Amino acid sequence: MAEMSYVKANAVLPENLIAEIQKYVQGEAIYIPKPEKDYRKWGSRSGARKALDERNHSIKSEFQNGKTISKLAEEYFLSAETIKKIVYKK
C-alpha cells in the first residue's frame, strides 16, 4: 500500500485560503479527498481486480462444465461458501 505523503499548505495554497482554513484548524494534518469523479475502483491500478475477475470467470466456467464446488474450493484454495458466491452470482 502506498504511503501518504504530506505537502505544506503554503507550498500549494494561496495565503487567503490558508487564513480561511486556519479559522477551523491549526497545526493539524488534514486529508482533502479527491473529487468523486476521480475515484477508481479497488484494484484497477494494480491489476488485482482484473486478475480476480479472470479467476472468477474460470471458476464459473469449470462449475458449468461439471466440476464440483468442493473440488473447485480445493483447487483454488477458497472456502466452499466463497465458491458458491462466485458461481451463483448473477
Side-chain angles (χ1 to χ4, degrees):
M1 188 159 107
E3 268 189 51
M4 190 182 302
S5 61
Y6 294 94
V7 177
K8 290 190 178 247
N10 60 359
V12 294
L13 300 175
E15 282 184 41
N16 61 334
L17 183 54
I18 292 171
E20 187 64 26
I21 293 169
Q22 286 171 331
K23 292 178 185 176
Y24 303 94
V25 65
Q26 306 93 31
E28 299 288 331
I30 61 171
Y31 171 75
I32 301 172
K34 7 175 156 177
E36 223 173 285
K37 66 178 180 56
D38 294 336
Y39 287 177
R40 293 188 190 178
K41 289 190 174 189
W42 174 87
S44 63
R45 276 178 37 170
S46 68
R49 173 83 276 156
K50 183 179 179 193
L52 281 178
D53 289 344
E54 289 171 358
R55 180 204 68 185
N56 292 352
H57 178 74
S58 294
I59 289 171
K60 283 182 181 183
S61 178
E62 291 178 46
F63 180 73
Q64 289 170 348
N65 289 326
K67 198 167 277 191
T68 65
I69 287 176
S70 59
K71 188 68 176 165
L72 289 165
E74 183 182 315
E75 288 180 11
Y76 285 91
F77 303 100
L78 296 170
S79 71
E81 288 305 311
T82 299
I83 297 294
K84 287 177 186 177
K85 286 178 186 175
I86 294 167
V87 300
Y88 295 129
K89 184 180 177 185
K90 293 181 181 180

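Treat the numbers as computed from the prediction; the structure is a model and nothing was measured.
Contact record, Ala80 with Ala73: N-CB, 3.9 Å, taken as the closest heavy-atom pair. Glu75 and Lys67 get closest at one heavy-atom pair: OE1-NZ, 3.0 Å. The minimum heavy-atom distance between Tyr76 and Glu62, with the atom names listed, is OH-OE2, 2.6 Å. Here the closest non-hydrogen pair linking Arg55 and Ile86 is NH2-CD1, 3.7 Å.
Checked against side chain to side chain contact (heavy atoms under 4.5 Å, CB included), Ser61 has the following partners two or more places apart in sequence or in another chain: Asn65.
A distance of 8.5 Å separates CD1 in Ile69 from CD in Glu81, rounded to the nearest 0.5 Å. In this structure, NZ on Lys23 lies 11.5 Å from CD1 on Ile21, to the nearest 0.5 angstrom. To the nearest 0.5 Å, the span separating OG1 on Thr68 from CD on Glu74 amounts to 8.5 Å.
In terms of hydrophobic clustering, with Ile, Leu, Val, Met, Phe, Trp and Tyr side chains grouped at heavy-atom distances under 4.5 Å, Leu17 and Val12 are assigned to a common cluster. Placement of Phe77 and Ile59 in two distinct hydrophobic clusters is found when ILVMFWY residues are connected by side-chain heavy-atom separations under 4.5 Å, directly or transitively.
Around atom CD of Glu15, no more than 12 heavy atoms belonging to other residues, nucleotides or ligands sit under 6.0 Å away.
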